[in-house]
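Take a look at the structure below.
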Amino acid sequence: MSSNIKNIAVFTSGGDAPGMNAGIRAVVRTALHYNLNVFGIGRGYDGMVNNDIFPMDAKSVANIIQRGGTILKTARSEEFRTVEGRRRAYENLQKHGIDGLVAIGGDGTFTGAAKFIEEHNIPVIGLPGTIDNDLAGTDFTIGYDTAINTVIDAVDKIRDTAESHDRVFVVEVMGRDSGLIALRSGISVGAECVLIPEIKVNYEAMMDRLDRTRKNKASRVIIVAEGDEVGGAFAVAERIKERFPQYDLRVSILGHIQRGGSPSCMDRVLASRLGVAAVEALLEGRRGEMAGLIHGKIAFTPFDKAIKHISTINENLLSIVDILSS
Ligand code: F6P
């Protein structure tokens, strides 16, 4: 371990995700393992700007690995977007002698971190914490597995009532720019159609499929990512209603339940592994990179590459929906 780092701080930023607490716990306990002092920062960059910075110890992270949300709280900070805000944040870190940071969040978090390093030359390592799974440099982000399992649980229940009433349901899931929640959960619930922002909708094909599958199925479920080009579940439902006014159709928006809940085993292990790796990376002198897991191995990706994730939708997965929906 080659760096002179003595005092590190951890914070969560952007939308929360199940498993963030497991990540905080791993960072704090790893820091203590290497005899570092460790601080928490409340409400992400906002807390950095406003000096909401406090020491943490092994006890501060006891009994949190199973909890959803983030004990450090999170925010989207307007002040940190300004040069003056970032200067104040840096001065506050200096007051506590903090010489390394672990940032848990998504693309907004890493964009801010890259700017901060550029202006103030402080080492920052990131952990991918977002339910959207929309970062390059990791096969999965912390929170994604739990979120898709929440979706599955909800849609299985919707399917029960849909089947009893012979209904068509349009279910909206999260994902402003990314269809990855919709795609995997869609396959898992046996959805008849999946609409995602990355792929242009073929309406004719969709209507044909709805009509065709009616022969074999009492219920049909269409999963729509909130950022799809049609404009969400209500817009999709309207189009279907125009074409098939006879359908008994309902819309269900799953919303923020997807962001909560106890993290899955996958997310707890992922967050624990990446938390350890992040602290060790700081001690090895790394900076400006996100720790991720690629094919089961720890990998580091510069922030600018991690956030330039062009959603590489595996079209095979979409064709699985097609093949299996009949
Ligand atoms: O980025 C995570 C996410 O949950 C997106 O899927 C969603 O579009 C967005 O955050 C919602 O953000 P907010 O909680 O600010 O409404």
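All ligand and atom numbering here is 1-based and tracks the order in the structure. Starting from 1, each residue takes its place in the sequence as its number.
- Considering only non-hydrogen atoms, atom 3 (C) of ligand 1 lies nearest to Arg259 out of Gln258, Arg259, Arg76.
- For Phe110, the ring-ring contact (aromatic ring centres under 6.0 Å, His included) partners at least two apart in sequence or on another chain are Phe303.
- Less than 4.0 angstrom separates some heavy atom of Gly175 from each of these atoms of ligand 1: 6 (O).
- Remark: side-chain polar atoms of Asp52 are not paired, donor with acceptor, to backbone N or O of Ile41 under 3.5 angstrom.
- Note: Tyr90 and Phe116 have perpendicular aromatic rings, judged against thresholds of 30 and 60 degrees for the angle between ring planes.
- Closest heavy-atom approach to atom 14 (O) of ligand 1 within the set Arg176, Glu226, His256: this belongs to His256.
- Using a non-hydrogen distance threshold of 4.0 Å, Gly106 does not register as a contact of ligand 1.
- Panel note: side chain Thr138, backbone Gly292; no donor-acceptor pair is recorded below 3.5 Å.
- Considering only non-hydrogen protein atoms, atom 1 (O) of ligand 1 sits nearest to Asp132 OD2, 2.8 Å.
- The proximity of Ile181 to ligand 1, defined as any non-hydrogen pair under 4.0 Å, does not occur for either the backbone or the side chain.
- Residue-to-ligand polar distances keep Ile131 apart from ligand 1: every N/O pair is separated by 3.5 Å or more.
- Between Arg86 and Glu79, none of the side-chain N atoms (NZ, or NE/NH1/NH2) sits under 4.0 Å from a carboxylate O, so this pair counts as no salt bridge.
- The cationic atom of Arg43 (NZ for Lys, CZ for Arg) does not lie both less than 6.0 Å from the six-membered ring centre of Phe11 and within 45° of the ring axis.
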